[in-house]
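The structure displayed is predicted, hence computed values, not measured ones. Only this structure's heavy atoms are used, side chains among them; waters, hydrogens and symmetry mates stay out. Residue numbers begin at 1 in each chain, while the letters A, B, ... track the order of the sequences.
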Amino acid sequence: MDVPGAEHVAWKDVVTCRVRHDFEFLAAKIFMGRIILQLQDDSSPEAVARMASELRELFVKNIQLPLVQRDVNRIFNN
Amino acid sequence: MTQALYTIDEISARIKAGEALFLAGDEKRLAQLPPGQWVGGTIPYFMTAAGGAFDKEKIFATILPDYVESVHIKTYSKDTLGQVYMDAPGNGFSFINLPAACDTLLSFALNAPGFEQFAMTPLIGWVSGVDMTDLGKVSPRVFNGADASSLEDGAVVMHVTLPPGKGANIGIINIFEQGEGADIVFPADGFSADEVTVDGRPMKLADYFTENNLDTKLPLVADYYGAMINTSIQGIDKDSGQVAFFAPVFKGMTYRHAKPIADYIEHFTSQIPHDLSQHLVYSCNCILNYLYSELEGRKTGDIVGPITFGEVAYQLLNQTLVYLTIHDV
């Protein structure tokens with residue numbers, strides 16, 4: 001399954017909580033908990049881009065799992 | 001799934017046969033085992049197929065599936081544990097044992113979310129403990145089976161590589177959810193707190209608990225993007241006003257005191273995913289759930305495993321059941 005690049009606006013929408021998804025993947029939820037705290041301290045465009053890239057990496061590294069694939073579909077098919 | 005209590009002789013035979021094992025039991029029993037592909041931690045409490053049990057003679061074993069490609073056991077110190085995610089296999093998972101109350105655990109609890117590659121690969125495990133009557137008298141330990149050594153400060157990790165076509169996933173079952181009370185925000189990360197903000201107003205956390213007659217057996221609960229993550233309350237020092245926790249609270253995170261639970265077993269079993277038993281490899285549950293919900297002799301569905309002084313699902317958790325599943329992918 002192809003995962004869109006980190007520059008895709010959907011990643012930014014997730015990390016900034018502009019769009020919220022009900023993820024199944026526990027790691028993504030815990031990771032998002034950390035991202036939300038970090039962006040409270042630094043919400044610069046650079047920080048948002050870095051978080052978007054890290055979140056994408058989490059999904060790419062676990063994309064073989066069906067529930068991760070379903071979460072990616074949630075991000076890009078909504 | 002192969003998780004159950006075994007005799008020393010049975011476990012020794014499995015180790016000698018080259019099986020890869022996660023073990024839990026009394027220190028004296030674990031110390032009798034030969035070297036091999038195993039990691040272990042001390043605890044005498046277990047959830048077995050027959051129900052919650054206390055046993056200092058047998059050892060609880062999780063026998064890893066024979067399709068596991070390879071395992072690598074590594075001991076970490078407080079100063080090297082930040083590497084744990086970097087050392088994880090490309091396809092597989094890492095299983096961690098840490099002793100309760102040691103410096104390495106405190107460091108892991110506070111710093112894991114900032115580790116390089118945090119959560120990129122599955123990290124699951126548990127915090128070893130002791131018989132509750134030995135609290136303060138005996139130190140929990142963890143064992144590196146590769147050389148059958150043990151330590152009371154550090155972490156032992158088994159990195160498990162899975163073959164192509166298999167994938168590992170971590171889940172949790174947490175019966176607690178945020179209650180209807182105030183939003184609590186802490187000014188700093190830490191294992192204790194005094195002044196906090198309660199619904200935006202500065203206040204002593206101890207006063208908030210006292211004034212609202214809140215049950216300290218119920219954890220504080222934070223919402224991690226839909227995952228309810230507990231921080232259990234160790235106690236309130238009435239003189240200093242400090243509230244102590246079994247896991248750290250984090251600055252800026254919003255916590256609420258948990259909603260009361262009428263019946264643990266009923267809530268727990270209703271949350272077990274319907275197909276969990278088909279894929280389940282490992283699970284463990286918290287000593288606080290065992291004690292507060294009086295689980296000795298009672299069953300939690302088909303879920304078995306050691307009863308722990310803390311659970312790890314990527315980071316330290318409290319009052320939560322964690323589990324590992326392996327799927328065909």
Side-chain angles (χ1 to χ4, degrees), chain A residues 1-3 5-6 10-44 47-48 50-76 78, chain B residues 85 88-93 111-124 162-174 185-186 189 222-229 249-255 273 275 279 312-317 320 322-329:
Chain A
M1 180 182 191
D2 290 333
V3 179
W11 294 114
K12 178 182 169 187
D13 288 345
V14 176
V15 299
T16 58
C17 294
R18 198 185 75 77
V19 178
R20 186 177 169 109
H21 303 283
D22 290 328
F23 288 148
E24 294 178 63
F25 186 31
L26 176 64
K29 296 179 187 181
I30 290 177
F31 202 78
M32 277 300 299
R34 182 175 74 95
I35 284 174
I36 289 166
L37 283 188
Q38 290 189 342
L39 291 182
Q40 284 177 10
D41 290 336
D42 178 8
S43 59
S44 66
V48 169
R50 190 171 62 252
M51 294 297 134
S53 178
E54 289 184 12
L55 183 65
R56 177 183 181 272
E57 184 184 359
L58 174 66
F59 280 99
V60 168
K61 285 198 164 176
N62 293 276
I63 197 63
Q64 77 276 17
L65 294 172
L67 83 170
V68 174
Q69 294 170 12
R70 290 194 292 272
D71 281 348
V72 170
N73 284 332
R74 287 185 174 93
I75 295 170
F76 293 97
N78 271 352
Chain B
Y85 281 106
N91 183 41
F93 65 94
N111 301 317
F115 285 176
E116 191 82 11
Q117 293 287 300
F118 171 70
M120 292 289 168
T121 51
L123 176 69
I124 188 168
L162 295 175
K166 298 284 184 186
N169 185 47
I170 294 173
I172 61 174
I173 298 177
N174 180 13
V185 178
F186 294 86
D189 300 349
D223 182 349
Y224 280 60
Y225 206 77
M228 295 297 129
I229 303 297
V249 290
F250 292 102
K251 176 188 173 186
M253 182 67 75
T254 299
Y255 297 82
D275 61 346
H279 307 289
V312 175
Y314 304 102
Q315 63 182 38
L316 181 66
L317 304 179
T320 301
V322 303
Y323 62 85
L324 177 82
T325 51
I326 296 180
H327 304 259
D328 292 327
V329 294

List the atom of [X], the atom of [Y], and the distance in Å for their closest heavy-atom pair.
| X | Y | value |
| --- | --- | --- |
| B/Tyr224 | A/Gly33 | CD2-CA, 3.8 Å |
| A/Ala27 | B/Ala119 | CB-O, 3.9 Å |
| A/Leu26 | B/Ala313 | CD2-CB, 4.2 Å |

Checking heavy atoms, do the side chain of [X], its backbone, both or neither come under 4.5 Å from chain B?
| X | value |
| --- | --- |
| A/Gln40 | side chain |
| A/Phe25 | side chain |
| A/Ile30 | both |

Heavy-atom side-chain proximity of B/His327 to A/Leu67 below 4.5 angstrom:
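Not touching, per the 4.5 Å side-chain cut-off.
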Just wondering, are more than 12 heavy atoms of other shown residues or ligands nearer than 6.0 Å to CG in A/Asp2?
no
Could you tell me whether B/Lys166 atom NZ has more than 12 heavy atoms of other residues or ligands within 6.0 Å of it?
yes
Region of [X] that comes under 4.5 Å of a non-hydrogen atom in chain A:
| X | answer |
| --- | --- |
| B/Leu123 | neither |
| B/Phe118 | both |
| B/Ala168 | backbone |

Option among A/Leu65, A/Val68, A/Ile63 that satisfies the side-chain contact (heavy atoms from CB on, under 4.5 Å) test with B/Val329:
A/Leu65
Just to verify, what does A/Arg50 make a side-chain hydrogen bond (donor to acceptor under 3.5 Å, both in side chains) with, not counting sequence neighbours?
none
List for me each residue that meets side-chain contact (heavy atoms from CB on, under 4.5 Å) alongside A/Gln38, sequence neighbours excluded, and say none if there are none.
A/Arg34, A/Met51
Roughly how far apart are A/Gln64 CD and B/Asn169 CG, rounded to 0.5 Å?
9.5 Å
With rounding to the nearest 0.5 Å, note down the distance linking CD1 in A/Ile36 to CE in B/Met253.
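If I round to the nearest 0.5 Å, the distance is 7.5 Å.
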Does the A/Asn62 side chain pair with the main chain of B/Met120, one donor and one acceptor, at a distance under 3.5 Å?
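Indeed, once roles are kept as given, a pair shorter than 3.5 Å links the two residues.
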Is a side-chain N or O of B/Tyr225 found less than 3.5 angstrom from the main chain of A/His21, in a donor-acceptor match?
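Yes, the answer is positive, given that a donor and an acceptor are paired below the 3.5 Å cut-off.
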